[in-house]
Amino acid sequence: MQHFNHIFFAGAETPYETARYVVFGVPYDGTCSFLPGTRRGPQEIRRYTWNFEDYLPEYDLDFWTLPVCDLGDIEPDSLPETVVSQVEEIVTEIAADGKIPVLLGGEHSVSVGAVRALKPEAVVVCDAHLDLRDEFGGTPYNHACATRRFYDDGVRDITIIGARSGTREEFSFARDHLTLYTAEDVRKQGITAILEEVTKRLEGKKVYLSIDADAIDCCLTPGLGTPEPFGLTPLDIRAVVKSVGPLAIGFDYMEVCPIDHGQAATVAGKLIMEFLAVHATSHNITNSLE
Ligand code: MN
Ligand code: MN
């Protein structure tokens with residue numbers, strides 16, 4: 001009997017043993033600070049992938065032939081620090097098996113578990129928010145603290161692209177310790193020029209790429225728990241995925257809150273496919289099914 005796979009990421013048809021990419025969802029929004037609902041992000045992203053053609057003309061690639069497995073969703077605990085540990089544990093196992101993890105969020109705090117497991121040399125984050133608070137709402141694992149945790153865990157090379165929201169202290173921390181390209185910088189300099197700088201600096205490094213859905217302007221993808229206007233476009237994020245994606249040892253797409261008409265989940269699903277396609281083609285990872 002065949003499985004009815006519609007709740008899985010479309011085209012992710014490879015069994016875990018032979019997969020090179022492992023998708024899993026973290027349906028958790030326990031520390032959400034404004035609109036709840038990112039716990040429904042992973043399933044909504046998957047649902048909208050079934051709308052897409054499997055053939056990716058730009059890569060001349062049938063997506064289903066990529067060695068991608070979808071494990072489904074983890075069952076998250078209620079405490080954020082425990083969910084971070086759950087994610088760290090599964091990502092450690094995926095990496096030990098020589099595979100690349102791809103997380104579907106879920107709130108941004110759980111990316112901390114993936115970064116802890118993978119110990120990348122650099123992190124690139126696309127986010128409207130700096131997420132550099134030391135703690136928020138009584139916990140250092142609030143989603144407003146994600147990027148600060150990456151730093152405190154020892155990742156010193158952190159690039160934030162698309163930020164336009166944070167406290168005075170967060171902005172001064174970012175300017176002192178990280179590489180910051182605000183949404184306004186992207187508008188003025190253009191994403192192509194910025195990415196040339198970024199990829200030159202990161203060449204040869206092991207990079208973790210984390211996309212917070214709210215990096216994109218809330219008027220374009222309204223399915224966001226903490227919406228911000230004057231942001232990046234889906235094409236800007238696609239440019240990031242295409243140029244930084246090949247360097248990535250792990251990838252996540254977080255903070256999709258399906259309270260819109262599917263725009264946020266649609267963009268997420270397509271960009272995850274884009275990540276898988278660009279990473280696989282640049283590393284000559286192709287059909288493991290034949
Ligand atoms: Mn974030
Ligand atoms: Mn954000």
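Indexing begins at 1, ligand by ligand and atom by atom, following the structure's order. Just so we're clear, the structure is a prediction, and the values are computed from it rather than from any experiment. All values below were derived from every heavy atom in this structure, side-chain atoms included, with hydrogens, water molecules and symmetry-related copies excluded.
Counting backbone and side-chain atoms alike, D127 contributes an N/O/S atom closer than 2.8 Å to the Mn ion (ligand 2). Checking E228 against the Mn ion (ligand 2), every N/O/S atom stays at or beyond the 2.8 Å cut-off. Note on H143: not counted as a metal contact of the Mn ion (ligand 1), no N/O/S atom lying under 2.8 Å. Residue D131: no N/O/S atom is found under 2.8 Å from the Mn ion (ligand 2).
A cation-pi arrangement is found for K99 relative to Y16, the charged atom lying closer than 6.0 Å to the ring centre and inside a 45° cone about the ring normal. With a 6.0 Å cutoff to the six-membered ring centre and a 45° limit on the axis angle, R156 counts as a cation-pi contact of Y151.
In terms of distance to the Mn ion (ligand 1), the nearest N, O or S atom of H108 is named ND1. Note on D212: its N/O/S atom closest to the Mn ion (ligand 1) is OD2.
Looking at R201 and D157, a side-chain N of the basic residue comes within less than 4.0 Å of a carboxylate O on the acidic one, giving a salt bridge.
Residue V26 forms a side-chain contact (heavy atoms from CB on, under 4.5 Å) with just one option from V110, D73, D252, L104, and that option is V110.
If you check the side chains of Y141 and E135, you find no donor sitting under 3.5 Å from an acceptor.
Annotation for E58: atom CD counts as buried by contact number, over 12 foreign heavy atoms lying within 6.0 Å.
Seen from the Mn ion (ligand 2), atom OD2 on D214 and atom ND1 on H129 lie at an angle near 90° (rounded to 10 degrees).
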